[in-house]
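Report on one structure; see the data block that follows.
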Amino acid sequence: MQFLKSSLFIFSAFLILGCKEQPKTDTKTTYNQVESVAKKAKLPAFKTNKQFNDYWYSGQAEITSYQLEQSRYGEIRKGTAVLVFVTEPFLKNDQVKADQSNPSNINVLKLNATKKFNTGIYPYSIMQSTFYPVSNNQHALKVSASVQEWCGHVYTQLNNREQFQVTSHSYFQGEADQNFNLEKNSLENQLWTQLRIDPTSLPTGNINIIPSLEYTRLNHTPLKAYNAFAENKPGQYTLTIKDLDRKLTINYNPNFPFDIQSWEEVQNGNLTKATKIKTLQSDYWNKKSNTDLELRKTLGLE
């Protein structure tokens with residue numbers, strides 16, 4: 001991975017219940033019909049400043065490790081989580097990282113969020129990727145999630161086009177291979193990147209929101225917009241979805257760079273939480289030698 005420069009432009013970023021569980025499926029879900037963002041007046045773009053550019057366009061990623069206590073099957077599972085934030089140039093049409101500098105590239109703040117924990121004898125590995133425009137005036141351009149464990153693996157991808165286009169694959173009968181569209185609404189996945197750019201821009205009050213791809217896959221919840229209530233206090237953002245009996249709380253530094261200190265998810269009375277271990281600035285894509293394994297110890301991952 002590398003950062004691309006231009007003289008005229010700033011650097012342009014399930015699982016599932018147990019193997020024997022029968023999944024809940026809903027192939028006839030109706031979705032909230034809301035006005036597409038494409039039909040609304042475009043919001044003004046976020047204006048970066050020297051502090052922002054020096055931090056986010058330094059040629060390095062921000063890697064933060066967390067001690068994870070994941071609720072799964074009614075028990076707390078010890079593990080680790082990692083949030084990797086990095087800016088990248090992004091191709092609007094292909095919706096992938098650009099290999100060359102071009103005025104048409106879109107600068108995104110990418111988040112790769114991972115979790116690793118064990119359920120008894122077998123391990124879980126979860127990764128979600130969010131590509132959110134630094135302009136901060138539209139939805140994430142792309143979100144994907146994969147979950148692996150010994151029963152199998154699942155994958156979901158959402159692309160921001162005229163509508164949200166969703167592709168989903170699962171090893172469960174009834175979920176299998178799906179392709180469908182959603183009307184555009186706020187995405188829980190993009191809250192984390194939006195917060196890092198400007199926490200005052202986060203949606204508040206009564207809103208419609210599409211839950212995270214991790215949540216919907218782990219709980220076999222239909223991927224659609226749900227009514228929610230969001231509140232943003234200095235250093236803390238909360239999202240409550242009553243229909244899902246779910247509450248997410250993100251605790252963050254109220255000062256730039258608005259780094260995430262911890263978070264909690266309460267689902268049906270079960271608590272999952274993550275607490276910061278260490279933050280490291282690194283061009284990690286160049287740290288692939290055996291001698292770089294020490295960096296994992298620095299992050300508390302070994």
Side-chain angles (χ1 to χ4, degrees), residues 13 43 46 49 51-52 55-56 62-71 76 78-86 109-115 117 126 128 130 132-134 136-137 139-140 143 185-216 218-219 225-281 299-300:
L43 297 173
F46 171 77
N49 55 32
Q51 183 184 41
F52 185 96
Y55 188 85
W56 287 115
E62 179 199 84
I63 308 166
T64 305
S65 55
Y66 298 83
Q67 190 65 49
L68 177 67
E69 296 181 30
Q70 178 75 39
S71 176
I76 298 299
K78 300 283 187 178
T80 57
V82 177
L83 300 183
V84 181
F85 288 94
V86 63
L109 180 60
K110 179 179 74 174
L111 168 61
N112 282 337
T114 67
K115 287 182 176 180
F117 58 93
I126 301 172
Q128 298 184 95
T130 302
Y132 185 73
V134 172
N136 195 28
N137 62 350
H139 294 302
V143 179
N185 276 285
S186 293
L187 294 159
E188 181 184 328
N189 283 95
Q190 77 184 36
L191 297 176
W192 303 74
T193 44
Q194 187 173 355
L195 185 159
R196 298 306 307 275
I197 295 172
D198 179 12
T200 65
S201 71
L202 289 167
T204 57
N206 293 309
I207 61 173
N208 289 332
I209 196 159
I210 298 173
S212 73
L213 301 187
E214 173 193 326
Y215 169 81
T216 55
L218 288 178
N219 294 278
Y226 293 83
N227 295 324
F229 181 81
E231 185 176 11
N232 192 16
K233 300 177 181 178
Q236 186 178 83
Y237 185 79
T238 59
L239 175 71
T240 303
I241 308 176
K242 286 187 177 180
D243 288 346
L244 300 178
D245 193 15
R246 180 165 182 263
K247 182 177 181 180
L248 170 68
T249 302
I250 305 174
N251 298 305
Y252 64 93
N253 179 0
N255 301 310
F256 185 86
F258 314 118
D259 42 302
I260 295 169
Q261 301 297 308
S262 65
W263 70 86
E264 293 184 353
E265 300 174 60
V266 179
Q267 171 65 31
N268 296 322
N270 298 313
L271 174 64
T272 290
K273 63 180 181 180
T275 306
K276 179 179 174 179
I277 300 173
K278 182 74 175 180
T279 294
L280 181 68
Q281 296 280 346
L299 288 166

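Note that these values count all heavy atoms, side chains included, but never hydrogens, waters or copies made by symmetry. Computed from a predicted structure; not experimentally measured.
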A quick test of your reading: do over 12 heavy atoms of other residues, nucleotides or ligands sit less than 6.0 Å from NZ of Lys247?
no

Is it the case that the side chains of Thr249 and Thr238 hold a donor-acceptor pair, with the cut-off being a distance below 3.5 Å and no angle test?
no

Would Thr279 and Thr64 count as a side chain to side chain donor-acceptor pair (under 3.5 Å) if you check the C-alpha gap in whole Å, the side-chain angles of each, and the deciding distance to 0.1 Å?
CA-CA 4 Å; Thr279 294; Thr64 305; 3.0 Å; yes

Can you confirm whether Leu248 sits close enough to Tyr237 that some side-chain heavy atom of one is under 4.5 Å from a side-chain heavy atom of the other?
no

Measure across Phe117 and Gly79 and return the closest heavy-atom pair with its distance rounded to 0.1 Å.
CB-CA, 4.2 Å

Leu239 side chain near Ile207 side chain, heavy-atom distance below 4.5 Å:
yes

So CD1 of Ile209 and CG of Leu191: to nearest 0.5 Å the spacing works out to 4.5 Å

Please tell me if the side chains of Tyr66 and Lys115 come closer than 4.5 Å, counting only heavy atoms from C-beta onward.
no

To the nearest 0.5 Å, tell me how far Gln190 CD sits from Leu202 CG.
9.5 Å

Under the side chain to side chain contact (heavy atoms under 4.5 Å, CB included) rule, what do Arg196 and Tyr132 come out as? Steps first, then yes or no, please.
CA-CA 11 Å; Arg196 298 306 307 275; Tyr132 185 73; over 6 Å; no

Is the shortest heavy-atom distance from the side chain of Glu69 to the side chain of Lys78 under 4.5 Å?
yes

Would you name the heavy atoms of Leu68 and Ala81 that are closest together and state the gap between them?
CB-N, 4.1 Å

Any side-chain heavy-atom pair from Arg246 and Asn219 closer than 4.5 angstrom?
no

Could you tell me which non-hydrogen atom of Leu187 sits nearest to which non-hydrogen atom of Ala140, and how far apart they are?
CD1-CB, 4.1 Å

Any non-hydrogen side-chain atom of Thr130 less than 4.5 Å from a side-chain atom of Trp192?
no

Heavy-atom side-chain contact between Gln194 and Asn136 under 4.5 Å:
yes

Please find the pair of heavy atoms, one from Ser262 and one from Thr275, that lie closest to each other, and give the distance.
CB-CA, 4.1 Å

Within the distance-only criterion (no hydrogens, no angle test), does the side chain of Gln128 pair as donor or acceptor with the backbone N or O of Glu214 below 3.5 angstrom?
yes

Should the ring pair Phe256 and Phe258 be called parallel, tilted or perpendicular, given that the plane angle runs from 0 to 90° and is split at 30 and 60?
perpendicular

Derivation and outcome, side chain to side chain contact (heavy atoms under 4.5 Å, CB included), residues Lys242 and Phe229:
CA-CA 8 Å; Lys242 286 187 177 180; Phe229 181 81; over 6 Å; no

CD of Glu265 to CG of Leu271, rounded to nearest 0.5 Å, is 9.0 Å

CG on Asn208 to OG on Ser186, rounded to 0.5 Å:
8.0 Å

Rounded distance [0.5 Å steps], CG in Leu195 versus CG in Asn232:
7.0 Å

Check the pair Leu109 / Ile197 against side chain to side chain contact (heavy atoms under 4.5 Å, CB included), numbers first and verdict last.
CA-CA 8 Å; Leu109 180 60; Ile197 295 172; 4.0 Å; yes

Check for a donor-acceptor pair, side chain of Glu188 on one end and backbone N or O of Ser212 on the other, with a separation under 3.5 Å.
yes

Under the side-chain contact (heavy atoms from CB on, under 4.5 Å) test against Leu111, which residue among Val84, Thr193, Asn189 passes?
Thr193

Stepwise side chain to side chain contact (heavy atoms under 4.5 Å, CB included) test for Val82 and Ile63:
CA-CA 7 Å; Val82 177; Ile63 308 166; 3.8 Å; yes

How about Phe85 and Ile260: do any of their side-chain heavy atoms sit closer than 4.5 Å?
yes

Taking atom NE2 of His139 and atom CG of Asn185, what is their separation to the nearest 0.5 Å?
6.5 Å

Over all heavy atoms of both residues, which pair between Gly235 and Pro254 is shortest? Give the atoms and the distance, please.
N-CB, 3.9 Å

Distance alone, cut at 3.5 Å: any donor-acceptor contact between the side chains of Gln267 and Thr272?
no

